[in-house]
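As the structure is a prediction and not an experimental result, all values here were calculated from the model.
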Amino acid sequence: MSADPTQVLAFETDCHIFDGCGFPAPGLHSFLFEPIWGDGDSNLYFNKTMLLALLGSVIVVGFFWAAFRKPKVVPGKLQMVAEAGYDFIRRGVVYETIGKKEGEKYVPLIVSLFFFVWMMNLWSIIPLAQFPVTAIISYPLVLALIVYILWISLTFKRHGFVGFFKNVTGYDKSLGAVLPLAMTIEFFSNLLVRPFTHAVRLFANMFAGHTLLLLFTIASWYLLNGIGIAYAGVSFIMTIVMTAFELFIQALQAYVFVLLTCTYIQGALAEHH
């Protein structure tokens, strides 16, 4: 038996109510995975989340490659689905936020971000995988950092150093005496808070959603004993309801992530006086 009894309970499949064992509640251990390859102590390893991220990238690239490698005037089913998704992001997000003229060059990036994030979220409800990659903070953080670097570079390129300073500080001389305070708040908000909240918004939603799914799924099994079977049925229904709700949240969070990305790009390209 393991030296830590809580770890045994957390993964004990024969544990049910009235059997004298505690409820194996999900916790931080539910988000930690042993290395598939390498040594976790040396930071050179490959684990489940990395595998899912890699497979997700291959699936997204493979899907669009298969859909558009031989495009037809009258599209087949796969091409039609791919075109619908691509056009939705192009017209409904990029054009609406940045504008058609300025936004066209950013469409491939935004479409890629949307479908990548969506796929990373979808792993949560796919059998065998059953884990949203974006529930690990490092993945949303890297994506937010890419957007942050793009925003900084676009602002410098479009406005120069002085324009960049005015952009990130919200410089507006009409504010009068409160201008220094407003500029300080805007500076820290744009350069420090913005990339953090961009990443955490996605991470927190996926983390919370996965925890709730785990909670009801484990409870359904744990209550499957004696009179607890009646409660297990309710818990199982909640598992199904939460899974359906997660489907909506997964797509919504991918949409919000790229919508904010477009908002940042639009802000970098906008003229400030």
Single hit among Ile110, Leu260, Val147 for side chain to side chain contact (heavy atoms under 4.5 Å, CB included) with Ile265: Ile110
CZ/Phe196: more than 12 non-hydrogen atoms of other groups inside 6.0 Å: no
Shared hydrophobic cluster for Phe88 and Val60 (ILVMFWY, side-chain gaps under 4.5 Å): yes
Worked verdict on Ile125 versus Leu247 for side chain to side chain contact (heavy atoms under 4.5 Å, CB included): CA-CA 8 Å; Ile125 60 169; Leu247 274 171; 3.0 Å; yes
CZ/Phe245: more than 12 non-hydrogen atoms of other groups inside 6.0 Å: no
Close side-chain approach of Ser124 and Gln250, heavy atoms under 4.5 Å: yes
From CH2 (Trp37) to OH (Tyr45), nearest 0.5 Å: 11.5 Å
Phe115-Phe63 aromatic ring centre distance below 6.0 Å: no
Leu223 reachable from Phe18 in the ILVMFWY side-chain graph, under 4.5 Å edges: yes
Ile152 vs Leu191 side-chain heavy atoms within contact, under 4.5 Å: yes
Ser235 side chain vs Phe216 backbone, donor-acceptor pair below 3.5 Å: yes
Crowding at OH, Tyr231 (>12 non-hydrogen neighbours, <6.0 Å): no
Residue of the set Leu212, Leu213, Leu215, Thr217 for which side chain to side chain contact (heavy atoms under 4.5 Å, CB included) holds with Pro26: Leu215
Plane angle bin for Trp151 and Phe164 - parallel if under 30°, tilted between 30 and 60°, otherwise perpendicular: tilted
Lys48 side chain to Glu34 backbone, donor-acceptor under 3.5 Å: no
Heavy-atom side-chain proximity of Gln253 to Arg201 below 4.5 angstrom: yes
Spacing of Phe31 atom CZ and His210 atom NE2 [to the nearest 0.5 Å]: 5.0 Å
Exceeds 12 heavy-atom contacts within 6.0 angstrom, atom CG of Leu192: yes
Check against side chain to side chain contact (heavy atoms under 4.5 Å, CB included), Phe46 and Leu54: CA-CA 11 Å; Phe46 189 80; Leu54 180 61; 4.3 Å; yes
Residues Ile136, Met206; criterion side chain to side chain contact (heavy atoms under 4.5 Å, CB included); working and verdict: CA-CA 9 Å; Ile136 302 297; Met206 291 302 101; over 6 Å; no
Single hit among Phe33, Phe207, Tyr139 for ring-ring contact (aromatic ring centres under 6.0 Å, His included) with Phe131: Phe33
Sub-6.0 Å ring centroid separation between His198 and Tyr148: no
Distance (rounded to the nearest 0.5 Å) between Lys157 NZ and Leu269 CG: 10.0 Å
Between OG1 on residue Thr134 and CG on residue Leu141, distance to nearest 0.5 Å: 13.0 Å
Cluster overlap Val168 with Phe156, hydrophobic side-chain contacts below 4.5 Å: yes
Point-to-point distance, once rounded to the nearest 0.5 Å, from CG of Leu259 to CD1 of Ile89: 9.5 Å
CH2 on Trp118 to OH on Tyr255, rounded to 0.5 Å: 13.5 Å
Check against side chain to side chain contact (heavy atoms under 4.5 Å, CB included), Cys21 and Tyr222: CA-CA 10 Å; Cys21 60; Tyr222 178 72; 4.3 Å; yes
